[in-house]
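Just so it is clear, the structure is predicted and the values come from calculations on it, not from any experiment.
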Amino acid sequence: MRRAITLATENVRSGQGGPFGAVIVSNGAIIGEGFNTVTRDNDPTAHAEVRAIRAACQSLGTFILQGCEIYTSCEPCPMCLAAIYWARIDHIWFGNTSADAARAAFDDAFLYRELALPAHDRTIPSAMLLRDEAWQSFQAWIDTPNKTPY
């Protein structure tokens, strides 16, 4: 956890991005770490947890991080939480809470409210389009015998 906090603090002081750091640990060793580079890279997905997951997956040569734990300087946002679940990380440890983040002007409460709404009631309009054609990709997946399931 101290390494995640250090990454977050150094990131702010260096001017690279926001106050977020994360490390992924397997068998007591750090196998991936990341810090927020949203503004530096002009990439809204460049959160510390996502970058740490990418680094850990590269380090282990897999997209599944079972047996690993993530230490993050702040409670994960909805995007990062989803990425952690997709990576199948065993445990999340966090320093600051989402309420602490909101106090520092990083408020994810809006996103949690949006996710709870039906798609047609969300702030960004969305609607289904070409569903029959879109199904073809899922059918191709279903029909492919040598796929790598995830």
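Ile124 shares a hydrophobic cluster with no other residue; no ILVMFWY side chain has heavy atoms under 4.5 Å from its own. Clustering of Ile, Leu, Val, Met, Phe, Trp and Tyr side chains at separations under 4.5 Å places Trp135 together with Phe138, Ile142. In this structure, Leu111 shares a hydrophobic cluster with Phe110, the cluster being traced through Ile, Leu, Val, Met, Phe, Trp and Tyr side chains under 4.5 angstrom apart.
For the salt bridge (Lys or Arg N to Asp or Glu O under 4.0 Å) condition, the pairs that include at least one residue of residues 12-35, sequence neighbours left out, are Arg3-Glu33. Sequence neighbours left out, the pairs with a member in residues 13-32 that pass ring-ring contact (aromatic ring centres under 6.0 Å, His included) are Phe20-Phe106.
In terms of the side-chain contact (heavy atoms from CB on, under 4.5 Å) criterion, residue partners of Asp100 (sequence neighbours excluded) are, by chain and number, Asn96, Thr97, Arg103. Annotation: ring-ring contact (aromatic ring centres under 6.0 Å, His included) contacts of His91 (sequence neighbours excluded): Trp93. For Ala52, the side-chain contact (heavy atoms from CB on, under 4.5 Å) test picks out Ala22, Ile24, with sequence neighbours left out. For Asp143, the side chain to side chain donor-acceptor pair (under 3.5 Å) partners are Gln139, not counting sequence neighbours. Qualifying side-chain contact (heavy atoms from CB on, under 4.5 Å) partners for Arg40, counting only residues two or more places apart in sequence or in other chains: Gln16, Phe35, Thr37, Arg51. Among residues two or more places apart in sequence or in another chain, the side-chain contact (heavy atoms from CB on, under 4.5 Å) test is passed with Gln136 by Glu133.
Within a 6.0 Å sphere centred on CD of Glu114, other residues, nucleotides and ligands contribute more than 12 heavy atoms.
Side-chain contact between Asp132 and Leu130 is absent, with no heavy atoms from C-beta onward closer than 4.5 Å. Under the 4.5 Å side-chain criterion, counting only non-hydrogen atoms from C-beta, Leu65 is in contact with Cys57.
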Validation: residues 77-88 side-chain donor-acceptor distances under 3.5 Å, sequence neighbours left out:
| residue | atom | partner | partner atom | Å |
| --- | --- | --- | --- | --- |
| Arg88 | NH2 | Tyr150 | O | 2.4 |

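The one candidate from His47, Glu49, Met1 that meets the side chain to side chain contact (heavy atoms under 4.5 Å, CB included) condition with Thr72 is Glu49.
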